[in-house]
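So you know, we letter chains A, B, ... as the sequences are listed, proteins then strands, and number each from 1. A quick note: this is a predicted structure, and the numbers were derived from the prediction, not measured.
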There are 2 protein chains.
Amino acid sequence: MEVMNFLNEITLRHPDAISFGPGRPYEGFFETGSIAAYLDAWTRHLTEDLGRTPDQVRTSLFQYGRTNGQIHELIARTLRNDENIETDPAAVVVTVGCQEAMLITLRALFAGPSDVLLVTDPVYVGIAGAARLLGIETVPVAEDGNGISPDALLAAVRAVRAAGKRPRALYTIPDFSNPSGASLPLERRHELLRIAEDEDLLVLEDNPYGFFTRTGTIRPTLKALDTRGRVIHLGSFAKTCFPGARVGYVIADQTVTGPDGRRTLLADELSKIKSMVTVNTPTLSQALIGGMLLTHDCRLREANKQAVDFYRTNLDVLLASLDEHFPPAVRDRTGIHWNTPDGGFFLTLTLPFPADDALLRLSASEHGVIWTPMRYFHTDHAGDNRLRLSCSYLSPDDIREGVRRLAALVERRTAP
Amino acid sequence: MEVMNFLNEITLRHPDAISFGPGRPYEGFFETGSIAAYLDAWTRHLTEDLGRTPDQVRTSLFQYGRTNGQIHELIARTLRNDENIETDPAAVVVTVGCQEAMLITLRALFAGPSDVLLVTDPVYVGIAGAARLLGIETVPVAEDGNGISPDALLAAVRAVRAAGKRPRALYTIPDFSNPSGASLPLERRHELLRIAEDEDLLVLEDNPYGFFTRTGTIRPTLKALDTRGRVIHLGSFAKTCFPGARVGYVIADQTVTGPDGRRTLLADELSKIKSMVTVNTPTLSQALIGGMLLTHDCRLREANKQAVDFYRTNLDVLLASLDEHFPPAVRDRTGIHWNTPDGGFFLTLTLPFPADDALLRLSASEHGVIWTPMRYFHTDHAGDNRLRLSCSYLSPDDIREGVRRLAALVERRTAP
């Protein structure tokens with residue numbers, strides 16, 4: 001994404017800096033040798049469970065395939081086990097990462113120039129990029145410490161309507177959001193669904209980090225709470241399996257009227273659009289993710305226990321290091337503060353001065369520490385004193401040293 | 001794609017019909033066991049040729065990767081060997097099939113509503129779909145038996161200009177086109193490039209079938225002939241390796257001015273767009289295609305010798321069967337005729353009555369033979385007496401029997 005170029009340049013120019021930039025998953029759990037085992041689990045499933053012949057297995061691996069994917073049944077089973085989401089496998093669209101899921105969903109839902117997408121502010125760059133690519137107007141809805149407030153959402157909906165436009169959908173990451181780290185409390189989830197129903201709004205729920213609770217709290221997804229068909233659930237295996245496969249999905253179980261006047265599943269409309277974007281999701285990617293799901297009995301939450309522990313430790317270490325290097329006296333003097341996310345990869349640190357590209361350059365070159373300016377996550381790139389710290393990709397020791405360096409940068413700018 | 005739904009429905013309803021519909025590659029050359037070997041060839045390349053550590057290999061297989069891909073050097077080498085195309089690997093963008101290549105290229109090039117894409121008529125549904133997804137206007141340029149004529153192209157360019165619009169680019173498949181089977185003679189290639197230069201037009205050259213010559217004639221690609229930076233070359237490994245990998249590419253070596261005013265390679269602009277569509281091309285797909293390229297010393301034309309023979313035989317059998325079942329007397333009586341492609345997967349058969357959905361339904365249900373109405377390949381779905389016959393996916397025996405059935409259908413409708 002455009003705004004990330006400066007960050008990438010800085011990162012390339014300072015390879016020895018500790019970077020709180022990337023939201024990449026930790027690599028220590030990946031095993032090159034597992035590829036053959038997952039592929040084998042998938043092909044055994046095809047032959048033993050589904051009764052496919054060797055020629056049919058070969059076709060499913062090498063040939064063009066079903067537009068909406070081959071592992072939709074396994075994904076539906078996994079969502080039932082892990083999230084209490086009941087879904088018809090026909091409503092699952094397997095996509096090339098969650099990015100394609102967002103793109104095709106927006107393309108299907110947004111019919112004209114008066115349709116507006118509401119997004120959390122700050123917002124994930126992927127959805128902002130997909131909307132920009134399609135020329136869809138986005139309207140930011142400010143988050144507080146608990147995500148989007150019902151009042152802010154209602155005010156945004158009314159402002160959009162007053163401008164003669166239609167608020168078509170809201171995009172949100174309810175659990176451990178990227179970039180803010182905020183989570184929606186249960187009560188707000190119910191209120192948000194009520195507003196969606198009252199205001200005829202769809203909710204695009206993105207859930208890449210939901211497993212990675214720090215405090216043990218697990219909240220139901222909006223999709224699991226949704227009784228009125230208001231939620232389109234976007235999923236990703238990038239953090240719970242591995243990113244290189246580029247496998248994501250949409251649960252699109254709404255009934256819609258197609259261009260030919262027939263009633264169909266939204267998933268079938270998405271299929272037509274997907275055929276113009278990537279035709280199919282690569283077979284080998286699906287085979288590996290399918291093999292992983294089978295290996296773990298379609299229970300990814302359990303399979304991710306070790307990863308959950310790892311990310312919990314990292315976030316705890318980050319929070320403890322911030323406490324240590326920015327003790328109450330410093331906080332009182334400078335106004336520096338941060339949030340305490342219940343989980344996920346990210347937290348938000350607020351400085352008493354602008355966290356801009358100039359500060360990032362100084363931070364990288366003179367203090368050896370890199371982070372992401374929060375202004376990158378505003379659709380209007382408005383000024384902001386906040387920055388995003390990601391702790392998913394670092395070792396605990398690097399996190400401690402990184403915060404020490406960050407404190408030196410702040411000290412330099414705030415020393416009395 | 002929308003128009004293909006009826007064809008798909010008919011195919012599902014008549015599973016025993018012989019189908020000249022799909023442009024899928026023949027599956028007999030695929031080997032499930034080869035997956036491990038290709039993966040191994042790729043990882044050996046990373047360690048032995050590029051000196052990567054086991055951890056770096058693991059990262060390249062599992063983690064997010066370079067947006068424009070990992071096998072760009074191998075693709076550049078293969079294009080030099082196979083097509084005499086010299087390109088900087090930095091200008092190669094590896095995509096999720098050629099479909100993503102078309103989508104991101106159109107998104108990069110088409111800036112406003114007055115920009116128009118010229119397309120051959122009949123046109124490949126993939127480019128028409130990508131343009132429709134992005135709201136880009138397409139203007140058809142009729143093909144004759146040798147593809148687009150310079151006169152037709154010039155007339156279309158002028159008509160677009162007269163309407164106050166800008167003809168931004170022309171999309172064409174110069175070799176063994178889908179759907180028509182036509183090929184551009186060498187002289188027309190030179191003229192087309194001259195027009196592109198004179199009229200400030202880009203050419204999107206799509207080349208999925210170029211290896212599959214029937215007559216032995218091999219013509220240089222437009223990209224190989226291009227000395228003025230007019231051609232953006234779109235490539236696919238779907239037919240020369242296998243479709244399930246979903247790996248394609250764009251050669252975008254033009255220098256452009258980015259939104260920030262800096263001069264960059266078009267490939268770098270495509271990268272920003274690709275990051276909003278699929279983020280990266282899946283690593284395993286690249287590993288397998290990379291492994292295949294390495295196994296064949298980056299010479300895919302040679303690696304496809306057996307496939308070239310297979311498709312040549314099939315097209316010869318199709319032509320001979322048409323000759324046999326529609327002898328000169330029948331042709332004279334009915335006006336039925338077809339073209340004689342120099343290669344590829346497709347030919348065009350012209351009937352003395354409309355080749356529409358009603359005829360297709362009759363053909364499938366009463367005669368057990370399926371084909372694609374050519375009207376599916378007009379952007380305005382205009383009426384047409386022609387149909388497309390694809391012979392890539394059938395055995396020679398099925399081709400003979402399919403033509404026999406087709407002759408029975410025609411006989412029923414034309415018997416004196």
Side chain from CB out, backbone as N, CA, C, O: work out which of these in [X] comes under 4.5 Å of a heavy atom of chain A, or both, or neither.
{"X": "B:Leu103", "value": "side chain"}
{"X": "B:Arg58", "value": "both"}
{"X": "B:Pro25", "value": "both"}
{"X": "B:Thr281", "value": "backbone"}

Between A:Ile104 and chain B, which part of the residue has a heavy atom less than 4.5 Å away: side chain, backbone, both or neither? neither

Identify all side-chain donor-acceptor contacts of residues 240-249 of chain B below 3.5 Å with residues at least two apart in sequence or on another chain.
residue, atom, partner, partner atom, Å
B:Arg246, NE, A:Thr278, O, 3.1
B:Arg246, NH1, B:Pro243, O, 3.2
B:Arg246, NH2, A:Thr278, O, 3.4

Do the charged groups of A:Arg44 and A:Asp40 touch, with an N to O distance under 4.0 Å? yes

Flag the pair A:Leu265 / A:Leu270 as yes when at least one side-chain heavy-atom distance between them is below 4.5 Å, and no otherwise. no

Can you confirm whether B:Val94 sits close enough to B:Asn68 that some side-chain heavy atom of one is under 4.5 Å from a side-chain heavy atom of the other? no

Would you please go through residues 26-35 of chain B and name the residues with a non-hydrogen atom below 4.5 Å from one of chain A, in numerical order? B:Glu27, B:Gly28, B:Phe30, B:Glu31, B:Thr32, B:Ser34, B:Ile35

Determine whether a donor-acceptor pair (N or O, by modelled atom type, separation under 3.5 Å) exists between the side chain of B:Arg107 and the backbone of B:Leu134. no

Looking at residues at least two apart in the chain, or sitting in another chain, which of them share a ring pair (Phe, Tyr, Trp, His ring centres under 6.0 Å) with B:Tyr171? none

Derivation and outcome, side-chain hydrogen bond (donor to acceptor under 3.5 Å, both in side chains), residues A:Asp357 and A:Tyr376: CA-CA 10 Å; A:Asp357 282 357; A:Tyr376 290 1; 2.6 Å; yes

If you count heavy-atom pairs under 4.5 Å with chain A, which of B:Val57, B:Leu61, B:Thr95, B:Thr43 comes out on top? B:Leu61

Pair count under 4.5 Å, heavy atoms only, with chain A: among B:Ile127, B:Asp55, B:Thr67, B:Asn280, highest is B:Asn280

Could you walk me through whether B:Tyr311 and B:Tyr209 satisfy the ring-ring contact (aromatic ring centres under 6.0 Å, His included) test, starting with their C-alpha distance in whole Å, then the side-chain angles of each, then the deciding distance to 0.1 Å, before giving a yes or no? CA-CA 10 Å; B:Tyr311 295 122; B:Tyr209 313 105; 9.1 Å; no

Not counting sequence neighbours, list each pair that qualifies as a salt bridge (Lys or Arg N to Asp or Glu O under 4.0 Å) and has a residue in residues 273-287 of chain A. A:Glu100-A:Lys274

